[in-house]
Amino acid sequence: MNVPFVDLKCQYYAIKEEVDNAISSVIEKAAFIGGEFVRDFEEEFAKFCNARHCIGVGNGTDALFVSLLTLGIGRGDEVITAANSFIATSEAITLTGAKVIFCDIDPQTYLIDPGEIEKKITPATKAVIPVHLYGQPADMDPIIKIARRYDLKIIEDAAQAHGALYKGRRVGSLGDLACFSFFPGKNLGAFGDGGAIVCDDNALARRARMIANHGRIDKYDHEIEGINSRLDGLQAAILRVKLKYLPQWSRQRRQNAYNYNELLVDTQLTLPVEKEYNEAVYHLYVVRVVEDIREPLQAYLKDRGITTGIHYPTALPNLSAYKYLNHCESDFPNATMASRQILSLPMFPELSAEQMLYVSDSIKKFF
Ligand SMILES: *Cc1c(COP(=O)(O)O)cnc(C)c1O
């Protein structure tokens, strides 16, 4: 049996006709940049997030970068984010000229530890970027409380968590601005790069839209200098089709996670912890094994046709890219521990019961 890590083709074939028709309409109307498909998707995605505004951008990294610029963050400022994330989160901070301040994670959920945030605050701190990693919302209420006390802005990195719920509230409506990625492998994936910023505030939305489109308010009327980062019409049309199926796909991901939980309960793996106040959308299903076993387990599964991943093999502060910050591994004990022990099992909506049984049997055989 073959169990890929994700299966994008399988998803495409299930909705091929609708997607192909959507692509044709964009081409026939030559609505490549801006236009009705982008406008309609923005409206629908804002509604999906329970937010007033959605601004389509070129990718998730730009969504973060433009959000930070929108809040006026730059040189001399500090922004706090999780030590365990994809580099895009911290990269966007540095791109603005601000300094990245890493914060350790909760060892159970691998999400930013709100109790650690306050220790990192200085007079230069302007914002916090909690990351809803693996599809599970960060514990937002304590973060919102800290942000209020110290007058900090909150940007949600929801690149892996489209549609997840925190205490019944949709991610994307929990901070000042929220950022999404539509990279093909994400829960809502385009056929190329894509991203979005979501927010409630009219002035922030206007500014974000302006920055992402050359700072323009009209064709050749530029209020400020911005960048070129737009969601294109083809991607928007494809995303509109897929958005309709997203709630169903999220349910399937959750079902698959529960199925894995049952199948793997008696193994030596540490299983994912979903907080009782959350409804996670399982972008990834991440287990933990003791350090010296991870590599052989991964190799054993690979031999049996099962592809796994590691998200992420090095905690951000330990990457060579951040050598200049002079951190040591003991500064972020939980993120460092996680990076050495975590393993992501195959996870996608269409994963079959047989495939999951095969994965769990293989893991048991290994042990
Ligand atoms: C994918 C991802 C991003 C960046 O999105 P791109 O569209 O690839 O630029 C940012 N943050 C997290 C947590 C991600 O997983």
Side-chain angles (χ1 to χ4, degrees), residues 5-6 8 41 45 54-69 79-96 100 102-103 105-106 109-112 127-138 140 154-164 166 171-172 174-175 177-198 208 212 227-232 234-236 238-239 242 253 280-286 309-317 319 321-322 335 338-339 342 344 347-348:
F5 191 66
V6 290
L8 298 179
F41 173 72
F45 194 67
C54 168
I55 299 105
V57 294
N59 54 67
T61 311
D62 280 356
L64 290 159
F65 178 54
V66 171
S67 294
L68 288 158
L69 293 181
V79 179
I80 299 171
T81 195
N84 181 30
S85 183
F86 179 56
I87 193 170
T89 319
S90 45
E91 202 175 41
I93 297 169
T94 312
L95 268 172
T96 67
V100 188
F102 290 112
C103 181
I105 55 166
D106 179 303
T109 59
Y110 318 115
L111 302 169
I112 194 165
V128 190
I129 307 184
V131 184
H132 306 314
L133 204 68
Y134 309 150
Q136 167 149 240
M140 292 302 290
I154 298 176
I155 299 173
E156 294 172 75
D157 182 340
Q160 301 188 0
H162 320 68
Y166 172 77
V171 303
L174 306 169
L177 298 140
C179 300
F180 290 87
S181 164
F182 305 124
F183 179 83
K186 299 287 160 84
N187 287 28
L188 180 61
F191 288 6
D193 276 314
I197 300 168
V198 157
I227 62 169
N228 174 0
S229 182
R230 301 175 294 220
L231 181 67
D232 70 65
L234 282 169
Q235 303 307 341
I238 293 162
L239 289 167
K242 295 182 101 182
R253 285 176 181 274
V281 290
Y282 289 91
H283 173 59
L284 297 169
Y285 184 86
V286 178
I310 297 172
H311 302 87
Y312 296 90
T314 309
L316 292 175
L319 286 171
Y322 296 108
S339 70
I342 48 178
S344 311
M347 170 56 85
F348 49 94

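All ligand and atom numbering here is 1-based and tracks the order in the structure.
- Note: an N/O pair closer than 3.5 Å links D157 and ligand 1 by distance alone.
- Looking at G194, G58, G60, A161, it is G60 that brings a heavy atom closest to atom 6 (P) of ligand 1.
- Heavy-atom distances between G195 and ligand 1 stay at or above 4.0 Å for every pair.
- Less than 4.0 angstrom separates some heavy atom of V131 from each of these atoms of ligand 1: 13 (C).
- Atoms CG and CD1, from L177 and I154 in turn, are 11.0 Å apart once rounded to the nearest 0.5 Å.
- Taking every heavy atom of both residues into account, L64 and A92 meet most closely at CB-CB, 3.6 Å.
- Ligand 1 has no atom lying under 4.0 Å from any heavy atom of H132.
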Report task. Decide ring pair (Phe, Tyr, Trp, His ring centres under 6.0 Å) for H311 and F5; before the verdict, give the C-alpha distance in whole Å, the side-chain angles of both, and the deciding distance to 0.1 Å. Result -> CA-CA 13 Å; H311 302 87; F5 191 66; 5.7 Å; yes
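- Contact annotation: D193 has no heavy atom less than 4.0 Å from any atom of ligand 1.
- Counting heavy atoms closer than 4.0 Å to ligand 1, residue T89 contributes side-chain atoms (C-beta onward) but none from N, CA, C or O.
- Closest heavy-atom contact between L316 and S90: CD1-OG, 3.7 Å.
- Considering all non-hydrogen atoms of both residues, V281 and N187 come closest at O-ND2, 3.1 Å.
- Atom 15 (O) of ligand 1 has its closest protein heavy atom at Q160 NE2, 2.8 Å.
- Atom numbering of ligand 1 starts at 1 in the shown order; those under 4.0 Å from a heavy atom of T61 are 4 (C), 5 (O), 6 (P), 9 (O).
- Side-chain contact check for L188 versus L239: some heavy-atom pair is nearer than 4.5 Å.
- In terms of heavy atoms, M140 sits closest to L174 at CG-CD1, 3.7 Å.
- The single protein non-hydrogen atom nearest to atom 1 (C) of ligand 1 is K186 NZ, 1.5 Å, given as residue, atom name and distance.
- For ligand 1 and N59, the ligand atoms under 4.0 Å from any heavy atom of the residue are 7 (O), 9 (O).
- Backbone and side-chain nitrogen or oxygen atoms of S181 are examined, and one is located within less than 3.5 angstrom of a nitrogen or oxygen of ligand 1.
- In this structure, H162 and F45 have side chains that are in contact, with non-hydrogen atoms separated by less than 4.5 Å.
- Taking all heavy atoms of S90, A63, A88 into account, the minimum distance to atom 10 (C) of ligand 1 is reached by A88.
- For ligand 1, the atoms lying closer than 4.0 Å to a non-hydrogen atom of S85 are 13 (C).
- Side-chain contact check for T61 versus F183: every heavy-atom pair is 4.5 Å or farther apart.
- Annotation: F182 places no N or O atom under 3.5 Å from an N or O atom of ligand 1; distance criterion only.
- Looking only at side-chain heavy atoms (C-beta outward), T314 and Y322 stay at 4.5 Å or farther from each other.
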